[in-house]
Amino acid sequence: MIRALATLALLLLSPLCLNAQEAAVEDPAHEQLRELRQDMLEAIQSQDIEAVLSHVHPDIVTTWQDGKTTHGIEELRDFYKQIGKEAFVSYEVPHKPDQLSVIHGGDLAISAGHLIANYKLLGKEYQFTSRWTATLVREDDKWLVAAYHVSLNALDNPILDAAKSLLWVAGAVGVLLGLGVGFVIFRRKKAA
């Protein structure tokens, strides 16, 4: 009886074990997507805009941290020219995905993650932590970035911190000026 139950249990559990083994096999598209990520990171680090553009779809839609959106390769190229090569300094943490890309139908992938990058803005260097989402399509057996969105935390970022510091300084200067003017007025009244 015990042998019969053990055999029955093995028969019932074997499909689950096979499904777990099949799930452990990674889709080869993930390795292709990793290679694309590495190629793009190298192009960005070397500030080779044309190499970056070789990995994007002609109709790419990109939304940046400042809320600007570009449509197509020409607008993306113009955006890079506008911000200038000097604005981007380096990555502390390059585009790091949260998990494997979600692949739909074999030719569409969605990836999301975070990055930490250093930028030079207004003569100062700032470190930004950003969240990003990329949509990729496979055309002619080549993965291309079709959409990219990167955003900052609107409530916690270095530009906001700098603005808060500036407000404190302006407030302190205002208080000191007020005390100085008050002192002068008080002395004039006392002298009169």
Joint hydrophobic cluster, [X] plus [Y], side-chain heavy atoms closer than 4.5 Å:
{"X": "Met40", "Y": "Val61", "value": "no"}
{"X": "Ile83", "Y": "Val56", "value": "yes"}
{"X": "Trp143", "Y": "Ile110", "value": "no"}
{"X": "Leu76", "Y": "Val137", "value": "no"}

Taking the side chain as everything from C-beta on, heavy atoms only, tell me whether [X] gets closer than 4.5 Å to [Y].
{"X": "Leu136", "Y": "Leu144", "value": "no"}
{"X": "His149", "Y": "Thr62", "value": "no"}
{"X": "Val145", "Y": "Ile60", "value": "yes"}
{"X": "Phe128", "Y": "Ile116", "value": "no"}

Distance, nearest 0.5 Å, that separates [atom1] of [X] from [atom2] of [Y]:
{"X": "Leu36", "Y": "His55", "atom1": "CG", "atom2": "NE2", "value": "6.0 Å"}
{"X": "Ile103", "Y": "Asp27", "atom1": "CD1", "atom2": "CG", "value": "4.0 Å"}
{"X": "Arg34", "Y": "Ser111", "atom1": "CZ", "atom2": "OG", "value": "10.5 Å"}
{"X": "Glu75", "Y": "Thr69", "atom1": "CD", "atom2": "OG1", "value": "9.5 Å"}
{"X": "Asp107", "Y": "Asp141", "atom1": "CG", "atom2": "CG", "value": "9.0 Å"}
{"X": "Arg138", "Y": "Leu108", "atom1": "CZ", "atom2": "CG", "value": "10.5 Å"}

Specify the closest pair of heavy atoms between [X] and [Y], including all atoms of both residues, with the distance to one decimal.
{"X": "Lys68", "Y": "Phe79", "value": "CD-CE1, 4.1 Å"}
{"X": "Ser46", "Y": "Ala43", "value": "OG-O, 3.2 Å"}
{"X": "Leu115", "Y": "Pro94", "value": "CB-C, 4.1 Å"}

Lys142 backbone acceptor or donor facing Asp140 side chain under 3.5 Å: no

Arg37/Glu42 salt bridge by N-O under 4.0 Å criterion: no

State plainly whether the residues Asp98 and Arg131 are in salt-bridge range, i.e. N to O under 4.0 Å. yes

Does a side chain donor of either Gln65 or Ser130 reach within less than 3.5 Å of an acceptor in the other side chain? yes

Just say parallel, tilted or perpendicular for the rings of His95 and Tyr148, cut-offs at 30° and 60°. tilted

